[in-house]
Peer 1: 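This is the structure, below, for whatever I ask next.
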Amino acid sequence: MRVALFMSVIVLLLTSCVTAPSYKKAGATTEPMQAGDVNYKLSGLYHRDPPDCISVFESDAPDQPVMGKALSVALARHLGEKVDRVIFPRVRARIAQQQGYDLNDATDRARYASHTRCRFYARAVLYDLGDDYVGVFAKKQVGVMVQMMRIQDEEPVWQAAHTVWRADGGVPTSPLALVGGVAQAAMFSADEEIIPSLIDDAMRRMMRTLPLAS
C-alpha cells in the first residue's frame, strides 16, 4: 500500500511539473489559488502614470546572496521587454555607492530617483526554495514574488507571485526501471543549470501579466 502510494505521488509530481500555469488576477476570480498559479495585481496607476524607467533594487533573499543576485538580474532582463529604460542591479549599486545613497531609506530613494530620473523600482522576493533528492526522485522548485513601486509615494504599481518546479526520476516498476530512475534523479539533482532556468521561467510567466508601458 505504501509503495503504491509512493509511486502515485512520483507520477503525479513528474506530470504536474509540465502543466501550464493559470493566470489569476487579484479580485477577478473566486477560484482557490493553486501552488503553480501566476497570481498578480495591477494597479490603475500603471496606466495613469506609466513607468518610463525602472530601477531593479536588491532582491529580498535571506541567507541566499547568490539566488538574490540571480533573481535581480533576471528581473531586470525581463523588464527590458516591457519598459524602455531599466537600470540593472550592477549600475544601481554603483550609483548608490558613488552618491552615498542608502536605498533602504525613503529620503535617499527620493534623491536616487531625482539623480537617475528613474521614478520606479522593482524588487524580487524569494519565498520558497526547494531541492529534494530521494533515491529515484528529485525535485527543484523556486517561489518568487515581484513588486513594482513608485518611489515618490511608495505606491504599489504591480505585483506578481509564482512557484515553479521541475522533477525527474522514474517509477521503480522493475529492477531495470529502478536503476534508470536512480540515475535520472541523480543527474537531475546535480544539474546546476536547473535553478537559473526555473528563475527565468518564473520571471517570464509573471511578465505576461504586465502590459507594455506606453
Side-chain angles (χ1 to χ4, degrees), residues 1-26 29 31-41 56-79 89 122-148 158-173 177-210:
M1 180 66 180
R2 289 182 179 179
V3 173
L5 179 60
F6 177 66
M7 291 170 61
S8 298
V9 170
I10 291 178
V11 171
L12 178 62
L13 288 170
L14 289 174
T15 55
S16 66
C17 68
V18 297
T19 303
S22 296
Y23 292 80
K24 294 185 178 178
K25 185 176 182 180
T29 178
E31 295 180 11
M33 293 183 180
Q34 304 297 324
D37 291 344
V38 179
N39 301 289
Y40 70 100
K41 183 176 183 179
V56 176
F57 281 13
E58 185 177 357
S59 294
D60 183 2
D63 303 319
Q64 296 287 342
V66 175
M67 277 294 296
K69 182 177 180 180
L71 288 169
S72 296
V73 172
L75 174 57
R77 189 174 67 250
H78 284 277
L79 280 173
R123 185 196 307 274
V125 179
L126 179 69
Y127 63 78
D128 189 19
L129 180 61
D131 190 348
D132 302 313
Y133 173 41
V134 183
V136 296
F137 175 73
K139 179 186 176 205
K140 297 176 188 282
Q141 71 182 47
V142 174
V144 59
M145 178 174 68
V146 173
Q147 302 169 317
M148 185 188 299
W158 167 72
Q159 64 182 33
H162 183 41
T163 298
V164 62
W165 64 85
R166 291 183 199 162
D168 204 350
V171 179
T173 55
L178 175 62
V179 173
V182 169
Q184 284 181 271
M187 291 177 62
F188 181 89
S189 179
D191 191 339
E192 296 181 354
E193 296 300 317
I194 292 175
I195 290 294
S197 180
L198 288 175
I199 292 173
D200 201 59
D201 287 347
M203 292 294 177
R204 184 179 65 254
R205 292 172 180 176
M206 289 189 289
M207 286 298 154
R208 290 175 183 166
T209 71
L210 185 66

Peer 1: Dump the intermediate steps for side-chain contact (heavy atoms from CB on, under 4.5 Å) on Tyr127 and Thr163, then the final yes or no.
Peer 2: CA-CA 9 Å; Tyr127 63 78; Thr163 298; 2.9 Å; yes

Peer 1: Measure the spacing between CG of Leu198 and CG of Asp200 and express it to the nearest 0.5 Å.
Peer 2: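 The CG atom of Asp200 is 9.5 Å from CG of Leu198, to the nearest 0.5 Å.
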
Peer 1: To the nearest 0.5 angstrom, please state how far the OG atom of Ser59 sits from the CD atom of Gln64.
Peer 2: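 Reported to 0.5 Å precision, the distance equals 12.0 Å.
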
Peer 1: What distance separates Ile199 CD1 from Arg204 CZ, expressed to the nearest 0.5 Å?
Peer 2: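 With rounding to 0.5 Å, CD1 (Ile199) is 13.0 Å from CZ (Arg204).
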
Peer 1: Please round to the nearest 0.5 Å and tell me the distance separating atom CZ of Arg208 and atom OH of Tyr40.
Peer 2: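 If we round to the nearest 0.5 Å, Arg208:CZ and Tyr40:OH are 12.5 Å apart.
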
Peer 1: Please identify which of these residues, Val142, Val38, Thr209, meets the side chain to side chain contact (heavy atoms under 4.5 Å, CB included) condition with His162.
Peer 2: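 Going through the options one by one, the only one that passes is Val38.
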
Peer 1: For Glu58, look at atom CD and say whether over 12 heavy atoms of other residues, nucleotides or ligands are found less than 6.0 Å away.
Peer 2: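 Counting neighbours around CD of Glu58, 12 or fewer heavy atoms of other residues, nucleotides or ligands fall under 6.0 Å, so no.
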
Peer 1: How close do Arg166 and Ser197 get, counting heavy atoms only, and between which atoms?
Peer 2: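 Result for this residue pair: NH2-OG, 2.6 Å.
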
Peer 1: Hey, what do you get for CD1 (Ile194) to NZ (Lys140), rounding to the nearest 0.5 Å?
Peer 2: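 Result: 5.5 Å between the selected atoms.
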
Peer 1: Can you tell me how far the CE atom of Met145 sits from the CG atom of Leu71, to the nearest 0.5 Å?
Peer 2: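 Met145 CE to Leu71 CG: 12.0 Å, rounded to 0.5 Å.
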
Peer 1: Minimum heavy-atom separation for Gly143 and Leu126, please, with both atom names.
Peer 2: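 Heavy atoms only, the tightest pair is O-CD1, 3.5 Å.
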
Peer 1: For a quick test of reading the model, state the closest non-hydrogen atom pair linking Tyr23 to Arg205 and the distance between them.
Peer 2: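 Heavy-atom minimum between the residues: CE2-O, 3.2 Å.
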
Peer 1: Search all heavy atoms of Met206 against all heavy atoms of Trp158 and return the closest pair with its distance.
Peer 2: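 Smallest heavy-atom distance, with atoms named: O-CZ2, 3.4 Å.
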
